[in-house]
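Each remark here refers to the structure printed beneath this line.
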Amino acid sequence: MPELPEVETVRRGLEKLILGKTIQSVEVKYPKMIQTDLDAFRQDLPGQEIRAMGRRGKYLLFYLTDLVIISHLRMEGKYFFYPDEVPLRKHAHVFLHFTDGSTLVYEDVRKFGTMEVLVPVLVDSYFLAKKIGPEPTEADFKEPAFQVALKKSKKPIKSALLDQKLVAGLGNIYVDEVLYRAKVHPARLGQSLTAREAKAIRKETIAVLAQAVEKGGSTIRSYSNAFGEDGTMQEEHQIYGKTGQPCLRCGTPIEKIQLGGRGTHFCPHCQKEN
DNA sequence: TCCCTAGCCTGAATGC
DNA sequence: TGCATTCAGGCTAGGG
């Protein structure tokens with residue numbers, strides 16, 4: 001399940017593999033994946049050179065000669081690079097064939113991923129319209145703004161952190177890890193949190209995501225990077241997927257509940273609801 | 001305006 | 001063994 005660290009790892013991998021290549025042709029096997037005009041997607045990309053790879057939250061950006069592809073991997077999206085022959089694969093949906101004979105293939109078992117093509121001038125407004133929050137770094141993720149936003153939130157903190165408006169990049173796995181490390185119960189309402197708790201959540205968000213980027217992301221079920229390699233962050237998980245196992249801090253068995261429709265792991269002793 | 005939930009989608013796991 | 005059901009979850013649209 002690609003969250004920010006997994007998308008960043010994919011970005012770094014693709015940067016090494018496809019920068020400077022020119023698109024010769026485009027194949028789309030699953031048209032619903034393309035959110036902007038399909039004919040334009042097929043017609044406008046040939047001739048474009050991959051100038052840079054970027055990322056905003058969980059979105060992957062391909063900066064071309066004069067267009068930008070915005071790709072979201074959602075649940076199980078993956079990119080595979082083939083220097084020459086492309087194998088037949090059931091879940092391959094979009095192919096970018098390059099002039100040197102290589103191909104970049106987007107695969108997605110659940111077909112949840114999306115791709116859009118914009119002109120560069122519209123990229124900022126695209127993310128503004130989606131209200132994507134700041135990147136989880138010391139420089140961008142400012143504590144005062146976070147505190148103010150939390151005070152207005154009547155949502156459970158887990159739901160608030162997942163909706164990408166307070167901070168970009170957290171998904172179900174890392175949000176459980178962040179709240180466990182910050183010792184905050186996932187069902188606590190945003191506005192009920194103390195300044196100290198909010199500060200801890202911000203600090204752990206930055207720390208957990210930075211650590212996960214360093215580890216190449218987490219490999220849960222199906223994620224792998226652009227080279228088909230697994231990340232190792234799952235070895236550092238302290239709470240996600242540990243239902244019934246003892247808490248590393250107090251030994252209390254870790255519980256799993258449904259919160260906002262999402263499987264949610266927490267320690268009932270360290271993360272008090274009241 | 002904010003919050004919650006269903007729906008999208010398919011493979012793996014589970015139950016019978 | 002084989003079929004049916006449940007679960008996993010990022011994001012969006014729609015309803016309250």
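We name chains A, B, ... by the order of the sequence lines, and we start the count at 1 in each one. Both backbone and side-chain heavy atoms feed into the values below; hydrogens, waters and symmetry mates do not.
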* To do: In whole angstrom, give the distance that lies between atom NZ of A:Lys256 and atom C1' of C:dT6.
  => 12 Å

* Stacked cation flag A:Arg51 on A:Phe62, 6.0 angstrom / 45 deg -> no

* Structure fact -> From the candidates C:dT12, B:dC4, B:dC9, the one with an atom nearest any side-chain atom of A:Arg74 is C:dT12

* **Sugar-phosphate only, base, or nothing, as touched by A:Gln258 at under 4.0 Å among non-hydrogen atoms** => sugar-phosphate

* Structure fact -> A:Asn172 has its side chain closest, among C:dG10, C:dA8, B:dC3, to C:dG10

* To do: Report which part of the nucleic acid A:Ser153 touches: base, sugar-phosphate, or nothing (heavy-atom distance under 4.0 Å, all strands).
  => sugar-phosphate

* Between C1' of C:dG10 and CD of A:Glu3, the distance in whole Å -> 9 Å

* Asked: Is it the case that A:Tyr79 and A:Ser71 place a side-chain donor and acceptor less than 3.5 Å from each other?
  -> yes

* Distance in angstrom units between A:Leu259 CG and B:dC4 P, rounded -> 9 Å

* **A:Lys130 side chain, from C-beta outward: closest of B:dC9, B:dT10, C:dT12** => C:dT12

* Has the side chain of A:Arg110 got a donor or acceptor that lies under 3.5 Å from a partner of the other kind on the base of C:dA8? -> yes

* Round to a whole Å and report the spacing from CG of A:Leu60 to P of C:dC11. => 13 Å

* Asked: Nearest of B:dC3, B:dC9, B:dG11 to any side-chain atom of A:Lys90?
  -> B:dG11

* Nearest-Å distance, NZ (A:Lys131) to C1' (B:dC2)? -> 10 Å

* Asked: Does A:His91 have a side-chain nitrogen or oxygen under 4.0 Å from the phosphate oxygens OP1 or OP2 of B:dG11?
  -> yes

* Asked: Could you state the NZ-C1' distance from A:Lys155 to C:dC11, rounded to the nearest angstrom?
  -> 12 Å

* To do: Under 4.0 Å between any heavy atoms, over every strand shown, what does A:Gly171 touch: base, sugar-phosphate, or nothing? Just pick one.
  => sugar-phosphate

* **Side-chain N or O of A:Lys58 closer than 4.0 Å to phosphate OP1/OP2 of C:dC11** => yes

* To do: Would you mind classifying the nucleic acid contact of A:Gly260 as base, sugar-phosphate or nothing, using non-hydrogen atoms under 4.0 angstrom?
  => nothing

* **A:Lys152 side chain near B:dT1 phosphate (N/O to OP1/OP2, under 4.0 Å)** => no

* A:Tyr30 side chain, from C-beta outward: closest of C:dC11, B:dC9, C:dG10 -> B:dC9

* To do: Say whether A:Val213 and A:Ile173 are linked into one hydrophobic cluster, either directly or through other cluster members, by side-chain heavy-atom distances under 4.5 angstrom.
  => no

* Asked: Is there a donor-acceptor contact under 3.5 Å linking the side chains of A:Lys256 and A:Thr264?
  -> no

* For C:dG10, does OP1 or OP2 lie under 4.0 Å from any side-chain N or O of A:Tyr174? -> no

* Structure fact -> Whole-Å distance, A:Tyr240 OH to C:dA8 P, equals 8 Å

* Respond yes when some side-chain nitrogen or oxygen of A:Gln164 is under 4.0 Å from OP1 or OP2 of C:dC11, and no when none is. => yes

* **Pair A:Thr103-A:His97, side-chain donor/acceptor within less than 3.5 Å** => yes

* To do: Identify whether a stacking contact exists between A:Phe112 and C:dC11, where the ring centres must be under 5.5 Å apart and the planes under 30° apart.
  => no

* Asked: Between A:His265 and A:Asp176, is any side-chain donor less than 3.5 angstrom from a side-chain acceptor?
  -> yes

* A:His72 side-chain proximity, nearest of C:dA8, C:dG10, B:dG11 -> C:dG10

* To do: Rounded off to whole Å, could you give me the CD1-to-P distance for the A:Ile132 and C:dG10 pair?
  => 13 Å

